[in-house]
Enquirer: 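Take this structure, written in structure tokens, and hold onto it; I'll ask about it next.
First the proteins, then the strands, lettered A, B, ... as listed; each starts at 1. All heavy atoms count here, side chains included; hydrogens, waters and symmetry mates do not.
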Amino acid sequence: MFPQKASSDFRLFNTLTNRVEPLDLIEPGKLRMYACGPTVYSYAHIGNFRSFLTSDLIVRTAQAIGLKVNYVTNITDVGHLTDDDVADSQGEDRMARALRSKEGESFGNVWDLARHYANVLIADWDRLNLEEPTLRPRATEHIRQQILAVQSLISAGHAYETTQGVYFRVASFPDYGKLSGNRDAAELTELSRELVVDSAKEDPRDFALWKKDDKHLMQWFSPWGWGFPGWHIECSVMANEYLGEEIDLHAGGEDLIFPHHECEIAQAESLTGKQFARHWVHTRFLQVEGEKMSKSKGNFLTVQGLIESKEDGGKGVDPMALRLTLISGHYRKPYNFTMDTLRANTRHVQRLREIRDLLDNVSETEATDKTVEPLVLDDLSARMLDAMLDDLNTPEAIAAVLEGVKRVMAKRDTLGSDDVETAKDWLGHVESLLGIIGRPIAPDPADDASLAAAVETLLSERAVARASRDWARADQIRDELGAMGVEVMDTAEGVTWRRKIDS
RNA sequence: GGUGACGUGGCCGAGUGGUUAGGCAAAGGUCUGCAAAACCUUGUACGGCGGUUCGAUUCCGCCCGUCACCUCCA
């Protein structure tokens with residue numbers, strides 16, 4: 001067990017107050033949490049997952065201190081406009097655009113496209129060992145609730161209809177801007193003026209709740225005719241539906257602070273008159289090899305592209321190494337994702353798995369007390385948890401893990417039964433809190449079997465050569481194996497091999 | 001222009017008013033036929049200029065640089 005902690009020991013930066021603050025739960029012992037998911041018009045990239053991983057770590061840390069977590073994260077499967085939230089005949093729906101792209105050709109319609117990318121998102125989620133949310137609602141399954149919310153906003157005077165749509169009346173919500181600091185109405189007005197196309201809007205700051213459009217690929221019938229909902233309303237509605245009018249924590253990427261979360265607050269608090277979310281947590285964008293990740297720079301990394309096997313056109317990256325890399329920087333700092341770090345982290349997760357296997361094997365054979373100094377790891381479990389409770393200090397938590405790896409490795413040949421128990425407990429803590437070891441990997445069926453057979457053949461040849469002290473031949477075989485991507489290790493217990501980490 | 005960040009040793013990346021983060025890479029060592037693996041040892045860094053202080057990388061000011069949001073984006 002982890003040491004006993006109170007929920008107030010869990011401190012996180014709150015965008016609303018610009019301070020690190022303890023969790024202040026509405027209901028003791030229970031965390032109500034909502035995280036914004038992506039629009040599923042493409043494969044999720046590593047930046048998406050950096051943000052999802054922040055939520056994942058919050059959930060794991062909360063569970064480690066005994067909180068019951070109600071974790072809702074949505075899938076946005078309605079396409080919203082690329083240009084503005086203004087009804088603009090020029091504006092293009094992102095899903096519609098994806099459908100017309102090269103990748104989109106394989107889909108019969110926009111619904112299939114959304115379904116496909118949503119399925120891959122969930123598969124990536126699983127492969128990167130993220131905790132399943134309590135619920136994963138979809139925007140398209142909550143159109144009715146969104147319409148009802150818009151109606152309520154209209155009757156309360158917070159929204160109005162024009163010929164093109166329904167808009168939220170920002171002037172009716174004085175707190176608008178409290179999250180992002182974008183309070184200066186004149187400033188916003190000036191900047192957005194040129195983008196405004198619906199001249200019937202009362203205020204350029206007003207944002208769309210419903211858009212009238214009977215030509216749209218995805219459309220629903222509403223009191224205002226055929227059309228589709230605005231982007232921001234779905235999250236307010238789904239959070240409300242599944243977590244209640246007040247929630248403890250709302251998370252997402254830093255880009256969502258404005259306008260998305262600002263608008264969510266305006267809608268939700270106008271509807272209920274209560275504070276929507278107490279704690280707002282935002283994850284910084286990451287960079288790739290020191291540059292902004294973008295398709296034009298060719299450094300746009302999708303989870304799919306990295307972890308798919310080489311045979312399937314991917315890079316064959318260990319999912320847990322990717323996970324470890326994505327959490328190895330603090331979530332509130334820009335993080336520079338490099339292939340170098342990814343490679344180093346591959347070694348780290350391998351070592352963790354080696355330890356897991358080692359512990360399993362030792363317990364099966366002999367775990368007698370051959371030790372003098374017992375293995376001590378409890379301090380490291382505590383250090384790791386404390387680091388996470390301190391605004392998710394993952395670098396510090398990981399440093400504690402690596403210290404543990406070192407301690408176990410240093411004692412690998414003299415582990416007593418108590419040591420094995422100690423190490424297993426510790427490893428369990430590491431996995432439950434950080435999730436970087438993962439499930440045992442099922443060997444690649446066909447590929448691994450044939451490779452293994454080939455390797456074994458060569459290794460037995462090499463064993464013969466070594467027995468006759470034919471070092472030249474032995475080294476030649478080792479080179480051949482190297483060319484096959486296999487590393488050979490002669491240990492005291494015999495010869496072992498493994499796949500090399502790609503460079 | 002407005003808002004908010006960031007700048008740490010070759011690289012990635014924590015943290016702190018005065019005492020070692022950690023990792024990768026590198027060097028040396030133990031082990032080994034040689035390697036690999038494993039373990040041990042080695043690095044004294046905090047953008048610039050001022051200020052506060054007995055003392056600042058850590059606080060304050062200015063400057064330089066990088067980034068994000070303000071328009072779709074995790």
Enquirer: Please verify the inter-ring angle class for A:His282 with A:Trp280; under 30° counts as parallel, over 60° as perpendicular, anything in between as tilted.
Expert: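 The arrangement is parallel - the two ring planes meet at less than 30°.
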Enquirer: Would you say whether A:Phe285 stacks on B:A74? The test is a distance between ring centres of less than 5.5 Å and an angle between planes of less than 30°.
Expert: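 Stacked: centres under 5.5 Å apart, planes under 30°.
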Enquirer: When the C1' atoms of B:G13 and B:G17 are considered, how many whole Å apart are they?
Expert: 22 Å
Enquirer: How many Å lie between CG on A:Asp390 and C1' on B:U16, as a whole number?
Expert: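 The distance from CG of A:Asp390 to C1' of B:U16 comes to 13 Å, rounded to the nearest Å.
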Enquirer: A:Phe337 near the nucleic acid: base, sugar-phosphate alone, or nothing, with a heavy-atom cut-off under 4.0 Å?
Expert: nothing
Enquirer: Is A:Lys333 close enough to B:G13 that one of its side-chain N or O atoms is under 4.0 Å from OP1 or OP2 there?
Expert: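 Answer is no, no contact under 4.0 Å.
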Enquirer: Just the rounded figure in Å: distance from C1' of B:G2 to NZ of A:Lys178.
Expert: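 My rounded result for the distance is 21 Å.
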Enquirer: Considering only side-chain heavy atoms of A:Ala399, which listed nucleotide, B:C73, B:A14, B:A21, is closest?
Expert: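 Of B:C73, B:A14, B:A21, B:A21 is nearest to the side chain of A:Ala399.
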Enquirer: Any donor-acceptor pair under 3.5 Å joining the side chain of A:Asp475 to the base of B:G33?
Expert: yes
Enquirer: On RNA chain B, check which nucleotide each of A:Gly37 and A:Ile257 is closest to and give me the residue with the more 5' one.
Expert: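 Here A:Ile257 is the residue nearer the 5' end.
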Enquirer: Rounded to whole angstrom units, what separation is found between the CG atom of A:Leu326 and the P atom of B:G13?
Expert: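 My rounded result for the distance is 13 Å.
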Enquirer: Where each residue is assigned the nucleotide of RNA chain B containing its nearest heavy atom, which of A:Cys36 and A:His348 is assigned the position nearer the 5′ end?
Expert: A:His348
Enquirer: Between A:Asp175 and A:Lys178, is the closest basic N to carboxylate O distance under 4.0 Å?
Expert: yes
Enquirer: A:Lys292 side chain N/O closer than 4.0 Å to the phosphate oxygens (OP1, OP2) of B:A68?
Expert: yes
Enquirer: Less than 4.0 Å between a side-chain N and a carboxylate O, is that true for A:Asp203 and A:Arg205?
Expert: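 Looking at A:Asp203 together with A:Arg205, the answer is yes, because their closest N to O distance falls below 4.0 Å.
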Enquirer: What is the nucleic acid contact for A:Ile398, judged by heavy atoms within less than 4.0 Å: base, sugar-phosphate only, or nothing?
Expert: nothing
Enquirer: Expressed in angstrom and rounded to an integer, what is the separation of A:His261 atom NE2 from B:A74 atom P?
Expert: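 Taking atom P of B:A74 as the reference, NE2 of A:His261 is at 11 Å.
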Enquirer: Who passes salt bridge (Lys or Arg N to Asp or Glu O under 4.0 Å) against A:Glu461, sequence neighbours left out?
Expert: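 Salt bridge (Lys or Arg N to Asp or Glu O under 4.0 Å) check on A:Glu461 returns A:Arg473.
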Enquirer: Starting at CD of A:Gln287 and ending at P of B:G7, how long is that distance when rounded to a whole Å?
Expert: 13 Å
Enquirer: Not counting sequence neighbours, which residues clear side-chain contact (heavy atoms from CB on, under 4.5 Å) with A:Ser42? List them please.
Expert: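 Counting only residues at least two positions away or on another chain, A:Ser42 forms a side-chain contact (heavy atoms from CB on, under 4.5 Å) with A:Lys295.
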Enquirer: Look at the side chain of A:Pro395 and decide which nucleotide, out of B:A14, B:C24, B:C73, has an atom nearest to it.
Expert: B:A14
Enquirer: Compare the minimum distances between each of B:A14, B:A35, B:C12 and the side chain of A:Arg478, then state the nucleotide with the smallest one.
Expert: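 Taking heavy atoms from C-beta onward, the closest nucleotide is B:A35.
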Enquirer: When the distance from CD of A:Gln350 to C1' of B:C24 is rounded to whole Å, what number comes out?
Expert: 15 Å
Enquirer: By nearest atom, which of the nucleotides B:A21, B:C24, B:C69 is closest to the A:Glu396 side chain?
Expert: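 Among B:A21, B:C24, B:C69, the one nearest the side chain of A:Glu396 is B:A21.
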Enquirer: Within the modelled atom types, does a donor on one side and an acceptor on the other bring the side chain of A:His282 and the base of B:A74 under 3.5 Å apart?
Expert: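 Such a pair does not exist between side chain and base.
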Enquirer: Taking the C1' atom of each, how far is B:C39 from B:U32, in whole Å?
Expert: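 Per the computed distance, 14 Å lies between those C1' atoms.
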Enquirer: May I ask you to decide whether A:Asp318 forms a salt bridge with A:Arg323, counting only side-chain N to carboxylate O separations under 4.0 Å?
Expert: no
Enquirer: List for me each residue that meets side chain to side chain donor-acceptor pair (under 3.5 Å) alongside A:Asp379, sequence neighbours excluded, and say none if there are none.
Expert: A:Arg407
Enquirer: Regarding A:Arg462 and A:Asp475, does a basic nitrogen lie under 4.0 Å from an acidic carboxylate oxygen?
Expert: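 No.
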Enquirer: Going by side-chain contact (heavy atoms from CB on, under 4.5 Å), name the residues that satisfy it together with A:Thr302, two or more places apart in sequence or in a different chain.
Expert: A:Tyr43, A:Phe300, A:Gln304
Enquirer: Quickly work out the A:Glu262 CD to B:U3 P distance and round it to whole Å.
Expert: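 Distance, rounded to whole Å: 15 Å.
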Enquirer: Under the side chain to side chain donor-acceptor pair (under 3.5 Å) rule, collect the residues that match up with A:Thr76, sequence neighbours excluded.
Expert: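 Expected list: A:Asn74, A:Glu234.
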Enquirer: Only counting residues at least two apart or in another chain, list the ones meeting salt bridge (Lys or Arg N to Asp or Glu O under 4.0 Å) with A:Glu132.
Expert: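 A:Glu132 satisfies salt bridge (Lys or Arg N to Asp or Glu O under 4.0 Å) with A:Arg136 only.
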Enquirer: For the C1' atoms, the ones on B:A5 and on B:G9, what distance do you get once it is rounded to whole angstrom?
Expert: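 One C1' to the other, the span is 24 Å.
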Enquirer: Verify the contact: side-chain N or O of A:Asn393 to OP1 or OP2 of B:A14, cut-off strictly under 4.0 Å; return yes or no.
Expert: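 Result: no.
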Enquirer: List for me each residue that meets salt bridge (Lys or Arg N to Asp or Glu O under 4.0 Å) alongside A:Glu131, sequence neighbours excluded, and say none if there are none.
Expert: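 Testing A:Glu131 for salt bridge (Lys or Arg N to Asp or Glu O under 4.0 Å), a comparison that skips the adjacent residues, returns A:Arg60.
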Enquirer: So, using side chain to side chain donor-acceptor pair (under 3.5 Å) as the criterion, who are the partners of A:Ser55 when residues are at least two apart?
Expert: none
Enquirer: Pick the C1' atom in B:G61 and in B:U53, then give their distance to the nearest Å.
Expert: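 That atom pair is separated by 16 Å.
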Enquirer: Taking atom C1' in both B:U71 and B:U66, compute the distance separating them and give it to the nearest angstrom.
Expert: 22 Å
Enquirer: Please pick, from B:G23, B:A5, B:A74, the nucleotide with the shortest atom-to-atom distance to any side-chain atom of A:Arg284.
Expert: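 That would be B:A5.
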Enquirer: Please identify each residue that fulfils salt bridge (Lys or Arg N to Asp or Glu O under 4.0 Å) with A:Glu21, with sequence neighbours left out.
Expert: A:Arg19
Enquirer: If you check the A:Leu402 side chain, which of B:A21, B:G23, B:G13 turns out closest?
Expert: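 When the side chain of A:Leu402 is considered, B:G23 is the closest of B:A21, B:G23, B:G13.
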Enquirer: Just one of A:Trp231, A:Phe168, A:Phe173, A:Phe258 clears the ring pair (Phe, Tyr, Trp, His ring centres under 6.0 Å) bar with A:Phe207, so which one?
Expert: A:Phe168
Enquirer: What interatomic distance, in whole Å, is found between C1' of B:G18 and the corresponding atom of B:A27?
Expert: 31 Å
Enquirer: Can you tell me, in whole Å, how much space there is between the P of B:C59 and that of B:G15?
Expert: 12 Å
Enquirer: What string of B, S and - do you get for nucleotides 36-48 of chain B, 5' to 3', if B is base contact, S is sugar-phosphate-only contact and - is no contact with any protein heavy atom under 4.0 Å?
Expert: BSSSS--------
Enquirer: In whole Å, what separates the C1' atom of B:C46 from that of B:C40?
Expert: 28 Å
Enquirer: It should be established whether A:Asn336 places a side-chain nitrogen or oxygen under 4.0 Å from OP1 or OP2 of nucleotide B:C6.
Expert: no
Enquirer: For RNA chain B, determine which residues of residues 456-473 of chain A have any heavy atom closer than 4.0 angstrom to one of its atoms, and list them numerically.
Expert: A:Arg462, A:Arg466, A:Trp471
Enquirer: Between A:Leu16 (CG) and B:U3 (P), how many Å, whole number?
Expert: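 It is 18 Å, rounded to the nearest whole Å.
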Enquirer: In dot-bracket form, how is RNA chain B paired, counting a Watson-Crick or G-U wobble pair only if both its distances are under 3.5 Å and using | for bases paired to another strand?
Expert: (((((((..(((.....[...))).(((((.......)))))....(((((..]....))))))))))))....
